[in-house]
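In this chain, residues are counted from 1 in sequence order.
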Amino acid sequence: MRAWNRAKLLWGYLRRRTVLGALPVEYIVETTAKCNLYCPMCPRETHPQPKADMADAVFERLVRESADSAEHMMLIGLGEPFLDPLIFDRIEFCHRHSIATLLSTNGTLLDERCAARVLDSPLDEITLSFDGAKKETFEFYRKGANFEKVRDNFVRFARMKHERRSKLQVVVQMVSMEGNAGEAGDFAAFWSALPGVDQVRIKEDETNLMRPDAGHAAEDWKHPCHYLWRGPMYVKQNGDLYPCCQSYMLDGAPLGNLAEQSLVQIWNSAEMERMRRLHASGRGGEVDVCSRCCTTIPHPALVIGSLILHGRTVRRLLPIVERMTYLSKLPRRWLRPPKRMR
């Protein structure tokens, strides 16, 4: 079913269809809106969040309605996943429906007990977010976190994973910004040498908070954005669905709410049709949230590859493709980051 779903999405993308007979491959699911840090690059700074978790009914409806098509759910959003008291139940629920799961953590709560629970769970991948190689840099970007405590939590977790010979994929990630870009080499050297770490990722900043004038030039809309055809869709804690995480952060309106509409209805809503139609005709910049988006636009060749391969494989290959592109091993046009100043 999942391979057939991907085939239909690929056909719809290639034919620029505005109504799709298949559902997204991936979802970003905000199971909690609670967080214990304040970070200058996080949209929480401009979008106040409730201290609330996603209702069971909403989460279970999402999983059940996407069970035959979803391949990967990223249980992340504008909250810290380990503040969700049901996070391990949600991971298990996805696993029972053959949906791979990923989460990203700031590490403040990843003590030895939590680490053991993660390694005992069917989680497929975890991203350890650590934005800097120096104490002062890290604590500037992760306000409320202690450099040594989080580093030690991550080091212990990686070693526990290595000792258990766990198949869990561990990615240590730094978001590259003006204040930490010069530390990328030291960051990569430290974490690459640690047993238990599978990948080190230096990720481009994809929010507007630290660079409000960034955007895409007109020629960037030659190809449509893959989010509108393959996902991931963004599911807020309250059940609101957005075409992507950027659309929420740029104050776009939700497409619908899972408590009121089915996933199929929302995925092929009038607004999604309108956005696909504009992107398909090279006019993606006419969509307000798209015109202000800071997300890197992949070349159609990468989009096609992401629909040929299983979502789990795509997630594991993504950091490699990014690194090869940014090191000029692959054409820069394959991943076109925003540059235009307005």
Side-chain angles (χ1 to χ4, degrees), residues 2 5-30 62 65-66 69-74 77 206-208 215-236 240-258 261-309 311 314-315 318 333-338:
R2 288 179 170 85
N5 182 74
R6 270 187 279 120
K8 289 191 287 185
L9 288 177
L10 177 57
W11 179 251
Y13 174 79
L14 293 174
R15 300 294 298 174
R16 305 296 191 257
R17 295 284 173 81
T18 60
V19 176
L20 302 175
L23 287 171
V25 173
E26 294 183 322
Y27 297 83
I28 298 174
V29 188
E30 185 182 86
L62 171 66
E65 291 192 9
S66 65
S69 53
E71 297 178 352
H72 210 109
M73 283 196 179
M74 293 164 268
E206 294 184 341
T207 70
N208 293 68
H216 285 286
E219 61 269 19
D220 290 352
W221 300 111
K222 179 180 178 182
H223 306 296
C225 178
H226 61 297
Y227 285 120
L228 301 178
W229 276 267
R230 74 172 299 277
M233 290 193 86
Y234 186 50
V235 189
K236 281 292 291 176
D240 283 345
L241 260 75
Y242 295 80
C244 64
C245 58
Q246 293 294 323
S247 58
Y248 168 76
M249 297 168 193
L250 293 169
D251 301 311
L255 299 166
N257 188 285
L258 273 176
Q261 298 162 276
S262 72
L263 186 57
V264 171
Q265 288 174 322
I266 298 172
W267 179 237
N268 281 317
S269 63
E271 177 59 13
M272 280 296 278
E273 282 194 63
R274 184 186 76 89
M275 294 175 72
R276 290 185 187 121
R277 187 177 301 110
L278 287 170
H279 276 256
S281 59
R283 297 159 57 201
E286 294 181 25
V287 179
D288 177 60
V289 292
C290 300
S291 69
R292 296 179 285 120
C293 179
C294 276
T295 298
T296 297
I297 299 176
H299 189 274
L302 294 180
V303 179
I304 292 170
S306 75
L307 287 168
I308 293 174
L309 301 172
V314 173
R315 293 295 308 175
L318 179 60
R333 67 179 182 276
W334 280 33
L335 285 174
R336 190 186 296 275

Is there a side-chain contact between H226 and S306 (heavy atoms, below 4.5 Å)?
-> no
Separation between OG of S66 and CZ of R2, rounded to the nearest 0.5 Å = 8.0 Å
Under 3.5 Å, is there a donor-acceptor pair between the side chain of E65 and the main chain of L263?
-> yes
Give the minimum heavy-atom separation between Q246 and C293, together with the two atoms involved.
-> CG-SG, 3.8 Å
Taking every non-hydrogen atom, the tightest pair across P298 and V303 | CG-CG2, 3.9 Å
Can you say whether the rings of Y234 and Y248 are parallel (under 30°), tilted (30 to 60°) or perpendicular (over 60°)?
-> tilted
Heavy-atom pair with the smallest gap, counting every atom of M275 and C290 | CE-SG, 4.2 Å
When rounded to the nearest 0.5 angstrom, what distance separates CZ in R6 from CG in L309?
-> 7.5 Å
Set of residues satisfying ring-ring contact (aromatic ring centres under 6.0 Å, His included) with respect to H279, sequence neighbours excluded = W221
Could you check M233, M74, K236 and say which one makes a side-chain contact (heavy atoms from CB on, under 4.5 Å) with I28?
-> M74
For the residue pair I266 and L258, what are the closest heavy atoms and their distance?
-> CD1-N, 4.2 Å
Residue pair M73, L62: steps toward the side-chain contact (heavy atoms from CB on, under 4.5 Å) verdict | CA-CA 10 Å; M73 283 196 179; L62 171 66; 3.8 Å; yes
Salt-bridge test for E273 and R276: reply yes if a basic N is under 4.0 Å from a carboxylate O, no otherwise.
-> no
Under 3.5 Å, is there a donor-acceptor pair between the side chain of W267 and the main chain of M272?
-> no
Under the salt bridge (Lys or Arg N to Asp or Glu O under 4.0 Å) rule, collect the residues that match up with D288, sequence neighbours excluded.
-> R292
Closest non-hydrogen contact found for C244 with Y227 is CB-CG, 3.9 Å
Looking only at heavy atoms, which two atoms of P224 and W229 are closest? And how far apart?
-> CB-CZ3, 3.5 Å
Qualifying side-chain hydrogen bond (donor to acceptor under 3.5 Å, both in side chains) pairs, either residue in residues 8-27, two or more places apart | E26-R230
For G311, does its backbone N or O pair with a side-chain atom of E71 as donor and acceptor, under 3.5 Å?
-> yes
Roughly how far apart are L278 CG and C225 SG, rounded to 0.5 Å?
-> 13.0 Å
Taking N5 for the side chain and A70 for the main chain, is one N or O donor matched with an acceptor at less than 3.5 Å?
-> no
Please step through side-chain contact (heavy atoms from CB on, under 4.5 Å) for the pair Q261 and S269, ending with a clear verdict.
-> CA-CA 10 Å; Q261 298 162 276; S269 63; 5.9 Å; no
Roughly how far apart are N268 CG and L255 CG, rounded to 0.5 Å?
-> 10.5 Å
